[in-house]
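Accompanying notes for the structure given below.
Residues: numbered from 1 along the sequence shown.
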Amino acid sequence: MKQETGVSTKRKRKLDVVVESVEPLNEAQQDKLYQKLKQAFPYHAVQMKLALNPDLLGGISVKMGSMLLDGSIRGQLRQFQREIESYRAPVSNIQGLTDLFTEKIASFQGRPVLTEVGEVVSVSDGVAKVTGLQSLAAGEQVVFASGAVGMALNLNPEDADVAVFEKADTIREGDHAYRTGRANTVPVGVSLVGRVINPLGQPLDDKAPLDQLEQRPVNVPAPGIVDRESVRRPVQTGIKAIDALVPIGCGQRELIIGDRQTGKTTLIIDTIISQRSHNEKSIGLKDKIFCVYVAIGQKQSTVREVMRTLQKYGAMDYTVIVSATASDSAVMQYLAPYAGCAVGEYFRDNGMHAIVFYDDLSKHAVAYREMSLLLKRPSGREAFPGDVFYLHSRLLERAAQMSTEKGGGSLTAIPVVETQEGDVSAYIPTNVISITDGQIFLESTLFHQGVRPAVNVGLSVSRVGSAAQAPAMKKVSASLKLELAQYREVLTFAQLSSDLDTATQALLARGARLTEVMKQKPYRPLTMAQEVVSLFVGTHGFLDDIEVPEITVFLQGLLDRLRLQGADILADIEKSGALTDETANRLTAFVQKYGESYRAQAEMAADDQAGQAA
């Protein structure tokens with residue numbers, strides 16, 4: 001060990017320098033290096049320690065406090081690797097790859113690199129405690145010697161807590177940790193459509209790598225108020241109960257909330273499939289609606305089934321899936337919704353439209369709680385950390401309808417929250433309800449009664465309301481929510497009484513038929529015109545003489561007949577978005593004619609059955 005002598009060292013700060021090499025340095029090399037260090041640090045008392053490290057392959061590395069000057073062959077190989085990885089042009093064959101390596105090797109000039117390096121003090125439960133990284137920023141990526149990557153979360157006076165994304169078991173005490181100087185990013189762009197990625201932007205679908213795509217930070221501020229416009233453009237979910245009662249607009253935040261196994265994910269899949277008919281009629285990219293499905297804490301088999309369903313109905317052509325399954329670390333699940341939001345923001349900021357589905361934020365909050373407890377952050381209600389509200393508010397605030405000056409794009413957020421026994425007053429549900437612009441409440445009782453989608457009309461609300469509805473939908477659904485709410489309320493009392501007046505009986509009869517109209521099978525979304533026709537028939541009394549069990553068959557037959565013989569009526573409604581008096585008269589005549597033929601067929605079928613019975 002070399003060390004300065006003299007009284008002056010007492011007035012100087014001590015600087016420990018560790019020099020590693022493959023072979024021992026001779027006296028002349030040691031003296032030359034020591035003099036260089038004294039010149040570089042004239043106000044420090046330099047203490048130089050020599051060590052052998054065969055892993056360097058050649059050259060030397062000099063560690064000065066938290067800084068590492070790497071002049072080893074291993075360091076130069078890492079530089080060459082990064083240079084090859086940053087190459088963006090595609091290579092079509094093995095000869096092209098050989099030529100690329102030959103060209104890069106000939107032009108490569110390895111130089112000593114000065115980086116800040118820390119040391120792992122301890123690692124447990126996916127959290128590494130690192131010391132020595134004095135300039136580390138919160139949220140910055142940290143790379144470990146084993147290749148594992150983590151994110152700095154706690155910046156303590158003497159060390160930093162780094163949550164490791166993957167391969168935490170490969171990190172050992174004493175390993176080096178390196179700053180990257182960058183935050184977490186994900187690839188974005190239209191080319192990402194149809195792909196399945198993890199929150200780090202790595203592909204999970206065995207398709208082409210995504211290195212050539214633009215990278216976007218996962219955590220960015222939400223747009224300001226001046227940059228936004230009011231929500232006015234409807235999002236067509238293809239689900240009658242939602243488009244009529246709790247409409248969603250581009251740029252809105254609408255919560256889907258309910259117990260497990262009540263059809264929350266089915267609503268999401270239906271909404272994604274519904275965009276296919278809209279996108280097929282769109283002229284350019286700015287008219288289309290892209291979808292981003294974020295799976296948080298789901299089973300891998302569940303995510304795979306969602307992907308297969310979307311592929312079956314051709315919906316992956318405009319959808320991106322960001323997946324952090326239950327087998328992934330808590331920090332990966334924590335990062336997933338922000339990564340999905342960043343993917344959607346690319347479309348929003350480029351004048352296009354996107355919907356991001358977060359399935360679900362209950363598991364996201366649980367993952368954040370687990371991560372915070374491992375980081376020894378103070379806990380509060382239900383053991384969640386104090387900033388769990390901010391966790392979701394800064395995510396959902398990024399949904400917006402941008403102004404015309406900012407391109408006019410939009411990002412719609414549809415989060416999912418799971419309740420326990422219908423308790424919407426729990427911590428996370430109340431948080432997200434207060435952040436969003438409305439909620440769709442799915443009730444398990446209705447689900448088990450066969451009302452699917454099981455939307456509770458009384459507890460579901462959209463604070464945007466009819467501003468996000470087409471004029472035709474607004475016209476036919478104006479009194480619908482009130483009638484259904486009255487029906488549910490009166491039905492409860494009717495079960496306790498057998499003596500009902502005529503008005504109450506009529507209300508119950510109409511409510512039962514409207515409830516039947518609202519039923520819809522999964523993965524069969526309707527167009528806006530088909531929804532308008534179905535609601536028009538229900539609210540104008542055309543079903544009053546149809547038995548409730550037959551309503552579904554009647555409506556399906558009517559829509560099939562309209563496609564064949566009344567396509568002009570559907571086209572007029574779809575094109576104009578309005579239900580004019582002239583179109584309403586034509587539709588009325590068509591429904592009446594179909595009703596007559598339907599009753600005639602029903603009578604003939606009844607006579608045939610009676611004859612067979614006789």
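- A donor-acceptor contact closer than 3.5 angstrom links the side chains of Thr237 and Asp243.
- For the residue pair Arg394 / Asn219, a side-chain donor-acceptor distance below 3.5 Å is found, with atom types taken as modelled.
- With sequence neighbours left out, Asp287 forms a salt bridge (Lys or Arg N to Asp or Glu O under 4.0 Å) with no residue at all.
- Lys406 has no carboxylate O lying under 4.0 Å from a charged side-chain N of Glu229, or vice versa, which leaves the two without a salt bridge.
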Intermediate values then yes/no, salt bridge (charged side-chain N to carboxylate O under 4.0 Å, His left out), Asp545 and Arg599: CA-CA 10 Å; Asp545 56 348; Arg599 294 183 191 91; 2.8 Å; yes
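- Ring centroid separation for the pair Phe290 and Phe347 comes in under the 6.0 Å cut-off.
- When side chains are defined from C-beta on, Ile242 counts as touching Leu267, because their heavy atoms get closer than 4.5 Å.
- Around atom CD of Glu547, no more than 12 heavy atoms belonging to other residues, nucleotides or ligands sit under 6.0 Å away.
- Phe554 and Tyr598 have perpendicular rings, their planes meeting at more than 60° on a 0 to 90° scale where under 30° would count as parallel.
- With respect to Asp349 and Arg216, a salt bridge is recorded, a charged nitrogen being found less than 4.0 Å from a carboxylate O.
- No side-chain N or O of Ser362 forms a donor-acceptor pair with one of Glu418 less than 3.5 Å apart.
- Taking the charged nitrogens against the carboxylate oxygens, Glu574 and Lys281 do have a contact shorter than 4.0 Å, which makes a salt bridge.
- Thr325 and Ser323 share no side-chain donor-acceptor pair at under 3.5 Å.
- In this structure, a donor-acceptor pair under 3.5 Å is present between the side chains of Asp259 and Thr419.
- A 6.0 Å sphere centred on CZ of Arg463 holds more than 12 heavy atoms belonging to other residues, nucleotides or ligands.
- What you find for Val186 and Ala342 is that their closest heavy atoms are CG2-CB, 3.8 Å.
- Ion pairing between Asp544 and Arg510 holds under the 4.0 Å rule for side-chain N and carboxylate O.
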